[in-house]
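Down below is the structure, laid out as structure tokens.
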Amino acid sequence: MEVKTFGVIGAGQMGGGIAQVAAASGLNVIIMDVSDAALEKGIGLINKNLSRNVEKGKLDAGEKDAILGRLKTVTTLEGLAPCEYVVEAATENEALKFKIFEDLDRICKPGVILGTNTSSIPIGRIAARTKRPEKVIGMHFMNPVPVMKLVEIIRGIATDTETFKLTWDLCVKFGKTPAEANDFPGFIANRILMPMINEAVFALYHSVGRKEDIDTVMKLGMNHPMGPLELADLIGLDTCLAIMETLYDGFRDSKYRPCPLLRKYVEAGWLGRKTGKGFYEYK
Ligand code: CAA
């Protein structure tokens, strides 16, 4: 099936970024979110990103308008019925994703691929909620989506080769470099990244160092573009905690236990950049 209209569920930092790169690649994009306010915020961010690129001379003003013109918004999943491919980038909550996939399976045409941007929930578990498990796949973008080159593509146990190939080709069309992973908790990216972030939180919890020093060590000592605590704030501390819980539940290995300090921050509503406070404060 040729993909002309691409659906994205969620207009947050991940969904908005995915919609932006899909529209920039020439596809018509339908973004679904539950409220007009969320959609306005998402489109506003895309507009801001594109305007910055125009100011830098990286994008033609006409092309910016054309990209924005390819974006349409809807507030119900039914609005995604015309799509030939849909990717879900809702909150990292298993029950919510299950419900979305049950509904999408009913709404979307037969053969339409249903991708999920989940950062760690098993693809097989999501696919099992549909009658088309062979068409369900992980399409895991990195934050910030317009900048990061990688998309991790995760095959569920039932995902067919056609679905995998089409997803791979779409990622290339979006200007990304795909990498293939199998369906184990955290896949590749978060299996490796999150224990490092969690360990940085433990280092803070145990007063091994101040937050600034922990981040400086990893930035200047290991050439990471951001320190692990800054990066946790960018990703969202709730997302980091949810991923650690998935790793811990999936492997039943104490090396993946979430740091109590991470949980404490999340309980306090200190989720990082999106709430203005995490390990650092943001104006
Ligand atoms: N949206 C769009 N563009 C952005 C952006 C955003 N949120 N943030 C930065 N940029 C752009 C800037 O406009 C700039 O573009 P130009 O090169 O065209 O000028 C470019 O990115 C570099 O930005 P800055 O110069 O402002 O800052 P920087 O050099 O420090 O880079 C960064 C910022 C790209 C975020 C860099 O710090 C970085 O790579 N950090 C690590 C990010 C990372 O590890 N992401 C993966 C997280 S894990 C994940 O997402 C998966 C998961 O499941 C949790």
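When a ligand or atom number is given, it counts from 1 through the structure's own listing order. Residues: numbered from 1 along the sequence shown. For the numbers below, each heavy atom of this structure counts, side chains included, while hydrogens, waters and symmetry mates do not.
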- In chain order, what residues pass the ring-ring contact (aromatic ring centres under 6.0 Å, His included) check against F187, with sequence neighbours excluded?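 F187 satisfies ring-ring contact (aromatic ring centres under 6.0 Å, His included) with no residue once adjacent residues are dropped.
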Exercise. When you measure from the centre of the six-membered ring of Y280, is the NZ or CZ of K211 under 6.0 Å away and within 45° of the axis?
Worked result: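 Relative to the ring axis of Y280, which defines the angle, K211 lies inside both limits.
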Residues Y256 and T246: side-chain donor-acceptor under 3.5 angstrom: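 Result is no, nothing qualifies.
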ask   = Do the side-chain N and O atoms of N198 and Y248 include a donor-acceptor pair separated by under 3.5 angstrom?
value =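 No pair is found: no donor N or O on one side chain lies under 3.5 Å from an acceptor on the other.
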Are Y265 and L241 side-chain neighbours, meaning at least one heavy-atom pair lies under 4.5 Å?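 No; the side chains remain at least 4.5 Å from each other.
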Exactly one of N53, N49, N47 clears side-chain hydrogen bond (donor to acceptor under 3.5 Å, both in side chains) with K64, and that residue is N47
Put together the list of close N/O pairs, under 3.5 Å, between ligand 1 and the protein, could you?
from: ligand 1; atom 1: 3 (N); to: R52; atom 2: NH2; distance (Å): 3.2
from: ligand 1; atom 1: 13 (O); to: R52; atom 2: NE; distance (Å): 3.4
from: ligand 1; atom 1: 13 (O); to: K56; atom 2: NZ; distance (Å): 3.0
from: ligand 1; atom 1: 15 (O); to: K56; atom 2: NZ; distance (Å): 3.1
from: ligand 1; atom 1: 17 (O); to: K58; atom 2: NZ; distance (Å): 3.3
from: ligand 1; atom 1: 18 (O); to: K56; atom 2: NZ; distance (Å): 3.2
from: ligand 1; atom 1: 18 (O); to: K58; atom 2: NZ; distance (Å): 2.2
from: ligand 1; atom 1: 19 (O); to: K56; atom 2: NZ; distance (Å): 2.7
from: ligand 1; atom 1: 45 (N); to: N143; atom 2: O; distance (Å): 2.7
from: ligand 1; atom 1: 50 (O); to: N143; atom 2: N; distance (Å): 2.8
from: ligand 1; atom 1: 53 (O); to: H140; atom 2: NE2; distance (Å): 2.7
from: ligand 1; atom 1: 53 (O); to: N190; atom 2: ND2; distance (Å): 2.9

